[in-house]
Amino acid sequence: MPKNKKPAGGRPAANFDPRYGQRSAAKPGSRSAGHRGHRPDEAEPAGKRRWSAQEKAGRDEARGIRTHSRDARGGRFDDARPPRPERGPREDRPARSFEGRPRRDEGDRPRRSFEGRPRRDEGDRPRRSFEDRPRREFGDRPARSFEDRPRRSFDDRPARGRGDAARGSRDGGARAAGGNRSDWNARPERTAAQEQRVDVVHERLQAEAIQATDVDGVGFGDLGLGDNIVRALAELGAASPFPIQAATIPEVLSGRDVLARGRTGSGKTIAFGAPLVESVLRAQAGQRREFGRRPKALILAPTRELALQIDRTVQPIARSVGLFTTQIYGGVPQARQVGALKKGVDIIIGTPGRIEDLVEQRKLDLSQVQVAVLDEADHMCELGFLEPVQRILRRTADGSQKLLFSATLDREVSALVDEFLVEPAVHEVAGEDQASSTIEHRVLVIDHRDKAEILDRLVDRDGKTLVFARTRAYAEMLAEQFDDAGIPAVSLHGDLNQAKRTRNLQRLTSGRVRVLVATDVAARGIHVDDIDLVVQADAPDEYKTYLHRSGRTGRAGATGRVVTLITRQRRRRMTEMLSRAEITAPFEEVSPGDDVIDELAGSSPTAAELTA
DNA sequence: AAAAAAC
């Protein structure tokens, strides 16, 4: 089995370790209930609010899906179900029938070619570019030589689909002809030394890079989206396409499988969401939305919050053309979700567990799904997620289009690409390196005993701050610590029940609280406007985690700062991880009374300071 | 080792 990553090694006694316990088997939600009292002024029935409309987080990551199928069903549109009204179903779209486009068989595309680019032998660490990430050594164990690292080799993977046989459903013609996808696997044998690298590097996929300047003057309509969708995007705050959107929207509409990498906050959600809606619409042009119709598109995300957020972006787009979406994730009663499915929905957005659960209960039928999107695709290929995701994808319609998006997309996704994608197009945005980033990175080397005090000072500020902790217990403890210090804070982690999770995140979004302490449940995809400081109370273990966590700030061009606390012993691991992340950050030894803390707690750097 | 994801 693709035992993806996860080194056997692991970290030594973590840098910090209150370890409030091996309390892994904690009871959900219990302990935190207590510290919610602060802020009596919230004249808002916080409990009931559920994600209201105020946060149309708009762009964020997006995933698009699309359908190239045509699935016949009857004629009108009489859906009475109104998830979150806003404007009624409107179907003025001319039913263009675009389908019929030559689906994957264009031999002319020079791009893609999934193959692993020749990895560079570094020693010279050139610069970044997502690709060729210089070694990525998992556990970040202290400078251990690469050799004792558990290896993970693509070539060791079970021969799944490697040939073709396993992927019977897809039209074999194109595939047989195009050799591209085989490039994923047909890599030359490696030497033992190279083999070592593979498990840590996950080479980058060769991609077609779009230049930011290519987008100048291009509108969403030019990319093939209909007027209603373009209008809906404008209402979400997306007036014109970001590069990743300009690159992937036409590709998704063409029906091709797509792999896309765009850094955090670059607009991936709309990049897949908008064309997905357009595709579903085209596929059913002129047909009625029947009661009980089965979903035509599926968007999978790794966390409930992300699924919810994606829906907040996709739903208005879908509604603008009369299509319905529904969320399918755990932690909340099934009834409402099942009820929506019974009435019939066009697009479902959710997390693997509940989706599989409903499928097994026969309350969800994925057989009509023509487009499936995996957001944070590389994460969805990790241990624990991969198999459920595979089972879900296998339930979708034969030949369904697959779209894989992530800010850190690498060969780790080959586990899914091999089985499910056919000659995928690979896109990324050119020049997304640190030089063009709007995020400033700093590392504070501290004494463990000073940690709590330094954290208190760092988060005692005006702007919104997101603090990451390695464990649920520590996240909870920190939130209480901040509260006790007079700094209103809430937490977000898996020990909380979904209502609290949703409410606490909402509190940060709305600004009622300016400090949120979270585990990595919030590392990926979550978009909250104006987080200008990310504090890593515990340094992450993987460079990808570093990139995703820090990506909670500096979104859509805004500036932000990331401060990571480490103890002296961890300097080396941190240095190595930053190099893998291709990030440059000064290390500063800091004590509680140092001015630098106030400086860091102050306003985030200006664009000019960042480039200086 | 931890986190996430169903009940």
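Source: prediction; values computed, not measured. Order of the sequence lines sets the chain letters (A, B, ...), proteins ahead of strands, with each chain counted from 1.
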key: Atom-pair distance (CZ on A:Arg573; P on B:dA1), nearest Å   = 14 Å
request  = Please name all residues satisfying side-chain hydrogen bond (donor to acceptor under 3.5 Å, both in side chains) with A:Ser367, sequence neighbours left out, ordered by chain then number.
outcome  = A:Arg294, A:Asp365
query = A:Gly330 near the nucleic acid: base, sugar-phosphate alone, or nothing, with a heavy-atom cut-off under 4.0 Å?
reply = sugar-phosphate
request  = Identify whether the distance between the nearest side-chain nitrogen and carboxylate oxygen of A:Glu356 and A:Arg395 falls below 4.0 Å.
outcome  = no
query = Which listed nucleotide (B:dA4, B:dA6, B:dA2) is nearest to the side chain of A:Thr471?
reply = B:dA2
task = Indicate yes or no: does A:Arg549 engage A:Asp520 in a salt bridge with an N to O separation below 4.0 Å.
result = yes
key: d(CD, A:Gln327; P, B:dA5) in whole Å   = 14 Å
key: Whole-Å gap separating C1' (B:dA4) and CZ (A:Arg470)   = 15 Å
ask   = Rounding to a whole Å, what distance do you find between A:Tyr329:OH and B:dA4:P?
value = 16 Å
key: Nearest-angstrom distance from the residue atom CG of A:Asp541 to C1' of B:dA2   = 8 Å
request  = Take atom CG of A:Asp520 and atom C1' of B:dA5, then tell me their distance rounded to the nearest Å.
outcome  = 15 Å
query = Between A:Arg524 and B:dA3, is there a side-chain N or O to OP1/OP2 distance below 4.0 Å?
reply = no
note = Those residues at least two apart in sequence (or on a different chain) that pass side-chain hydrogen bond (donor to acceptor under 3.5 Å, both in side chains) with A:Arg571 are A:Glu589
key: A:Thr351 vs B:dA6: side-chain N/O to OP1/OP2 distance below 4.0 Å   = yes
query = Once you round it to whole Å, what is the distance between P of B:dA4 and CD of A:Glu356?
reply = 19 Å
query = Can you tell if the side chain of A:Tyr546 reaches within under 4.5 Å of the side chain of A:Gln536, non-hydrogen atoms only?
reply = yes
query = Does A:Arg391 place a side-chain N or O at less than 4.0 Å from the phosphate oxygens OP1/OP2 of B:dA6?
reply = no
ask   = Can you find a side chain N or O atom of A:Arg304 that sits less than 4.0 Å from OP1 or OP2 on B:dA6?
value = yes
ask   = Rounded to the Å, how far apart are A:Leu386 CG and B:dA4 C1'?
value = 14 Å
